[in-house]
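Just below is one structure, and these are the notes that go with it.
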There are 2 protein chains.
Amino acid sequence: MTPRTNARILTDTIADIFVREGFDGTSLNYLANQTGLGKASLYHHFPGGKREMAVAVYDRVSATFTREVLARLAGRGDLELRLTRMAQALDRFYDGGNRACLIDVFSIGGAREGFAEKLSEAVSYWVSSIARTLCEAGVEKATAQMRAEDVVISIEGALVVARATGNTEPFRRIIEAMPARLLGG
Amino acid sequence: MTPRTNARILTDTIADIFVREGFDGTSLNYLANQTGLGKASLYHHFPGGKREMAVAVYDRVSATFTREVLARLAGRGDLELRLTRMAQALDRFYDGGNRACLIDVFSIGGAREGFAEKLSEAVSYWVSSIARTLCEAGVEKATAQMRAEDVVISIEGALVVARATGNTEPFRRIIEAMPARLLGG
DNA sequence: GTCTATAAGCAGATAGAC
DNA sequence: GTCTATCTGCTTATAGAC
């Protein structure tokens with residue numbers, strides 16, 4: 001039993017490392033040490049090597065984001081409640097500002113090749129998911145797009161600042177202010 | 001003549017590479033190819049190797065930022081004019097959104113060790129430089145700090161989004177809106 | 001100040017036993 | 001599915017000639 005569960009735990013462990021160390025900063029030796037597996041065992045799970053591991057990590061993180069964060073936008077309740085729930089989900093997803101975003105990390109160095117399109121689509125999908133929700137609640141299209149863009153930008157920026165300073169307070173402030181900003185406060 | 005100038009050109013070339021490839025993604029072979037020097041020649045200029053090159057790059061970029069961007073805040077003219085000049089200087093410094101920020105890049109992977117403190121100070125210095133300027137113009141201290149933080153966050157975020165999507169329009173929008181945001185618009 | 005040559009070690013990746 | 005052992009090439013770094 002639970003073969004898929006073990007695969008998921010393995011991918012999560014690898015994801016943590018890619019997120020902290022970046023693609024180029026992550027070595028197979030380190031992955032082997034941290035997962036408790038030998039390098040050859042990692043290749044059993046990911047025949048394509050480091051690159052395939054990164055793809056598996058990206059796909060898993062991306063799926064989690066859609067399910068845990070973006071799905072809140074389409075939930076029940078009025079607009080403000082759904083935006084607040086998305087904000088709370090973002091706080092959990094990024095571990096209160098302590099976890100980097102793969103969109104940032106994988107857009108640097110050797111990971112770009114092969115991820116460029118996926119990263120671009122991820123940003124667009126995130127922005128347009130928010131914008132669509134605002135539109136459906138009556139916000140004018142261009143305004144909704146701009147607010148959504150601003151909010152995504154502020155999240156990414158707050159994560160950079162948190163990582164550089166070790167201070168997650170600005171991130172939490174951004175999260176808290178997010179619903180009001182999207183509503184045009 | 002111009003030994004220092006050549007050293008600066010060399011450091012600028014290396015800086016471009018670190019900014020694009022990250023610390024871990026930058027190899028000495030690549031640096032040698034791009035600078036037109038042999039690896040041994042690079043060690044002549046930077047006996048401490050890759051690490052010393054990164055420090056030289058950071059110090060140079062940091063000095064340029066202080067001189068070209070932050071100095072605009074202390075210039076002549078009323079507050080709005082100085083903020084607009086800072087925004088224009090930021091646009092140039094980040095090449096209209098096409099150039100990554102070292103605060104972002106060096107906070108990932110192997111560069112963190114040895115740069116953590118510098119990066120933290122860089123963010124603090126940037127934020128407090130803006131906040132001080134607002135305070136001197138009569139803005140309440142906590143408000144000034146928050147607005148400055150928000151603006152720095154939005155710049156970092158817009159650079160991430162630009163890098164991930166290849167679209168620099170959000171960055172330019174953030175730059176343009178910056179003076180009004182700081183003035184409380 | 002630049003070069004060629006080279007060292008020593010680590011990178012990603014594979015073979016084959018169990 | 002995991003392991004040990006190994007391969008090849010690239011990594012950082014140095015020695016020493018010019």
Side-chain angles (χ1 to χ4, degrees), chain A residues 1-60 102 105-106 108-115, chain B residues 1-58 60 105-106 108-115:
Chain A
M1 228 204 70
T2 65
R4 278 205 292 258
T5 297
N6 287 340
R8 284 178 185 173
I9 291 172
L10 178 59
T11 305
D12 283 342
T13 304
I14 296 174
D16 290 345
I17 296 166
F18 273 121
V19 158
R20 277 204 321 270
E21 305 298 333
F23 181 78
D24 295 315
T26 298
S27 78
L28 293 186
N29 272 315
Y30 188 63
L31 288 173
N33 286 341
Q34 296 297 305
T35 58
L37 291 177
K39 277 188 281 184
S41 301
L42 289 173
Y43 273 91
H44 171 77
H45 293 282
F46 307 98
K50 188 174 166 178
R51 212 110 204 156
E52 185 176 334
M53 294 179 213
V55 170
V57 160
Y58 176 85
D59 287 346
R60 176 145 172 74
L102 276 184
V105 170
F106 277 6
I108 297 171
R112 272 175 317 181
E113 186 185 329
F115 280 99
Chain B
M1 225 202 73
T2 65
R4 277 207 291 258
T5 297
N6 287 340
R8 283 177 184 172
I9 291 173
L10 178 59
T11 305
D12 283 342
T13 304
I14 296 173
D16 289 345
I17 296 166
F18 273 122
V19 158
R20 276 204 323 271
E21 306 298 333
F23 181 78
D24 295 314
T26 298
S27 78
L28 294 184
N29 270 317
Y30 188 64
L31 288 173
N33 286 340
Q34 296 298 306
T35 58
L37 291 178
K39 278 185 282 185
S41 301
L42 289 174
Y43 274 93
H44 171 77
H45 293 282
F46 307 98
K50 188 174 166 177
R51 211 109 207 157
E52 184 175 335
M53 296 180 211
V55 170
V57 161
Y58 175 85
R60 177 145 169 73
V105 170
F106 277 6
I108 297 172
R112 275 174 315 179
E113 185 184 329
F115 279 100

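Proteins get letters first, then strands, A, B, ... in listed order; numbering begins at 1 in each.
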Legend entry - Heavy-atom pair with the smallest gap, counting every atom of A:Phe106 and A:Ala54: CE2-O, 3.8 Å
Legend entry - Distance below 4.0 Å between B:Ser41 side-chain N/O and C:dC3 OP1 or OP2: yes
Inset, instruction - Measure from CD on B:Glu52 to P on D:dT12 and round the result to the nearest Å. - result: 15 Å
Inset, instruction - Kindly say whether B:Leu37 contributes a backbone atom to a donor-acceptor pair with the side chain of B:Ser41 at under 3.5 angstrom? - result: no
Inset, instruction - Remember a base hit wins even if backbone is also touched, and classify A:Gly110 as base, sugar-phosphate or nothing at under 4.0 Å, heavy atoms. - result: nothing
Legend entry - is_close_aromatic(A:Phe115, A:Tyr58), centroid dist under 6.0 Å: yes
Inset, instruction - Would you confirm whether A:Asp24, through its side chain, and A:Gly110, through its main-chain N or O, come within 3.5 Å as a donor-acceptor pair? - result: yes
Inset, instruction - Check whether any side-chain N or O of B:His44 sits under 4.0 Å from OP1 or OP2 of C:dG1, and answer yes or no. - result: yes
Inset, instruction - List in chain and number order the residues that pass side chain to side chain donor-acceptor pair (under 3.5 Å) with A:Asn29, two or more places apart in sequence or in another chain; answer none if no residue qualifies. - result: none
Legend entry - Between C1' of D:dT2 and CG of A:Leu10, the distance in whole Å: 13 Å
Legend entry - A:Thr13: partners by side-chain contact (heavy atoms from CB on, under 4.5 Å), with sequence neighbours left out: A:Ile9, A:Thr35
Inset, instruction - Mark up nucleotides 9-15 of chain C, 5' to 3', with B wherever a protein heavy atom is under 4.0 angstrom from a base atom, S wherever such an atom reaches only the sugar-phosphate, and - elsewhere. - result: --SBBBB
